[in-house]
Visitor: 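First, the structure itself, so that you have it in front of you.
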Amino acid sequence: MHQISVYQPDLSDKEREYVLECMDSTWISSKGKFIGRFESGFADFVGAPHAASVCNGTVALHLALLVLGIGAGDEVIVPSLTYIASVNAIRYVGATPVFADSLPDTWQVDPLDVERRITPRTKAVLAVHLYGGASDTIALSNLCAHHNLRLIEDCAEAIGTRLNGRHVGTFGHIATFSFFGNKTITTGEGGMVVSRDAAMDKEVRHLRGQGLADDREYWHDVIGYNYRMTNICAAIGTAQLERVDDILRQKTLLAQRYREALAETPIAFQTPTAGELPSYWMVTILTPTAADRNALRDSLKIAGIETRPAFHPAHTMPMYLHGHDRLPVAEDIAARGINLPSWHQLPDPDLERIVSIIRSFHWSTP
Ligand SMILES: *Cc1c(COP(=O)(O)O)cnc(C)c1O
């Protein structure tokens, strides 16, 4: 019986050819033709005016917060139910993350809870589009406009996700993406900062490249970072981007097949936000109880099927535990959520094996 993994990138098309082009030309560092090609291709795909590549999604968040001028003394409201990078980046700039709860159906940040947590120190809202869904960026951008706050969109899990026909990442002031190995398209490690105006994009490029001055060699006019993407990573990204529509179509099909096959079980799926076209990054289910979650994961594991638990809420982790309220919805989703194998080429017999185990599982509540 072979193991079924939660995720697996597919590098079987032009990826190898483009990487070999880097090798043969010796352009393997952070200069070379694939950088610009990947950036402009990605900007077109998202429908944003500017996209700057960086070496991962976490530093993309760091730069986004820096260029918005967020720092010590500022508060940034962020959902607790997210990958830890969204929260840590707020600390990197010296600001304070303020955790908001999630909605029970879409699992996205609750705009009303965000509004309740606004104080005179609040500078920004960092919205995360979770598991391929979209957070309610319409409500959030209205809220931010009303309270004069910046809106940052963490789109790491939402490549291909649209809201009212627009790609997520185009609603706020700035947005970030990740191309880690398990993201919808990958560069191995990689990220992108998508911004609305040329000045912001210029500042992202300035900071990612050691704060190098425009007009003088080896002269650095701010403390910058080495956050650049390599040409090799951009080569992989360029090849991935050429078939992103195919990947998204297959992921959508897989998600639909899971939903149909598990319709008669007591499992809940993520509900789309109004106007959302999901990209189904991770097919995630909620079991009726936390005990069921753990027992079902055990049954799948015995059958050679890898799963992941939903994210632990950040406010329950040691470095963020102090002084935060309970967030009942985030805690409940975290206790009952499972990410199922979600890569777009999951073979049919594997899907059959997964759903048959879930369908024959003995639930603690009917
Ligand atoms: C993957 C991810 C990131 C950043 O990931 P990197 O591994 O640094 O590229 C940030 N936020 C969310 C929500 C993510 O899922």
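Any value given below was found using the heavy atoms of this structure, including those in side chains, with hydrogens, waters and symmetry copies removed. Numbers for residues simply follow the sequence, beginning at 1. As the structure lists them, so they are numbered: ligands from 1, and atoms in each ligand from 1.
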Visitor: As an exercise, identify every atom of ligand 1 less than 4.0 angstrom from a heavy atom of Thr82.
Guide: 13 (C)

Visitor: Parallel under 30°, tilted from 30 to 60°, perpendicular over 60°: which one fits the rings of Tyr83 and Phe311?
Guide: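 Aromatic pair Tyr83/Phe311 classed tilted.
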
Visitor: Applying ring pair (Phe, Tyr, Trp, His ring centres under 6.0 Å), can you list everything that pairs with His62, at least two apart in sequence or on another chain?
Guide: Tyr92, Tyr225, Tyr227

Visitor: Distance to 0.1 Å, residue and atom name: give those for the protein heavy atom nearest to atom 8 (O) of ligand 1.
Guide: Thr58 OG1, 2.5 Å

Visitor: Decide if atom CD1 of Ile223 counts as having more than 12 heavy atoms of other residues, nucleotides or ligands within a radius under 6.0 Å.
Guide: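 No, because the 6.0 Å sphere around CD1 of Ile223 holds 12 heavy atoms or fewer from other groups.
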
Visitor: Heavy-atom contacts with Val128 under 4.0 Å: which atoms of ligand 1 show up? List them by number with element.
Guide: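 The atoms of ligand 1 under 4.0 Å from a heavy atom of Val128 are 13 (C).
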
Visitor: Looking only at the side chains, is there a donor atom on one of Gln108 and Thr273 sitting less than 3.5 Å from an acceptor on the other?
Guide: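 Checked: Gln108/Thr273 side chains show no N/O donor-acceptor pair below 3.5 Å.
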
Visitor: I'd like to know whether ligand 1 has Ser86 as a neighbour, heavy-atom separation below 4.0 Å.
Guide: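 Ser86: in contact with ligand 1 (<4.0 Å).
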
Visitor: Just which atoms of ligand 1 are under 4.0 Å from any heavy atom in Ala85?
Guide: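 Once the distances to Ala85 are compared, the set is 10 (C).
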
Visitor: So, applying side-chain hydrogen bond (donor to acceptor under 3.5 Å, both in side chains) with Arg117, which one of Asp101, Asp325, Thr122 is it?
Guide: Asp325

Visitor: Can you list the residues that meet the ring pair (Phe, Tyr, Trp, His ring centres under 6.0 Å) rule with Tyr258, with sequence neighbours excluded?
Guide: none

Visitor: Identify the closest protein heavy atom to atom 5 (O) of ligand 1: which residue and atom is it, and at what distance?
Guide: Ser178 OG, 3.5 Å

Visitor: For Trp281 and ligand 1, does the shortest N/O to N/O distance drop below 3.5 Å?
Guide: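 N/O-N/O distance below 3.5 Å does not exist for this pair.
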
Visitor: Taking non-hydrogen atoms only, is Asp154 closer than 4.0 angstrom to ligand 1 via side chain, backbone, both or neither?
Guide: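 The answer is the side chain of Asp154.
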
Visitor: Looking only at the side chains, is there a donor atom on one of Asn339 and Thr284 sitting less than 3.5 Å from an acceptor on the other?
Guide: yes

Visitor: Which is closest to atom 13 (C) of ligand 1 by heavy-atom distance: Glu189, Glu157, Lys183, Met192?
Guide: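 Looking at heavy atoms only, the winner is Glu157.
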
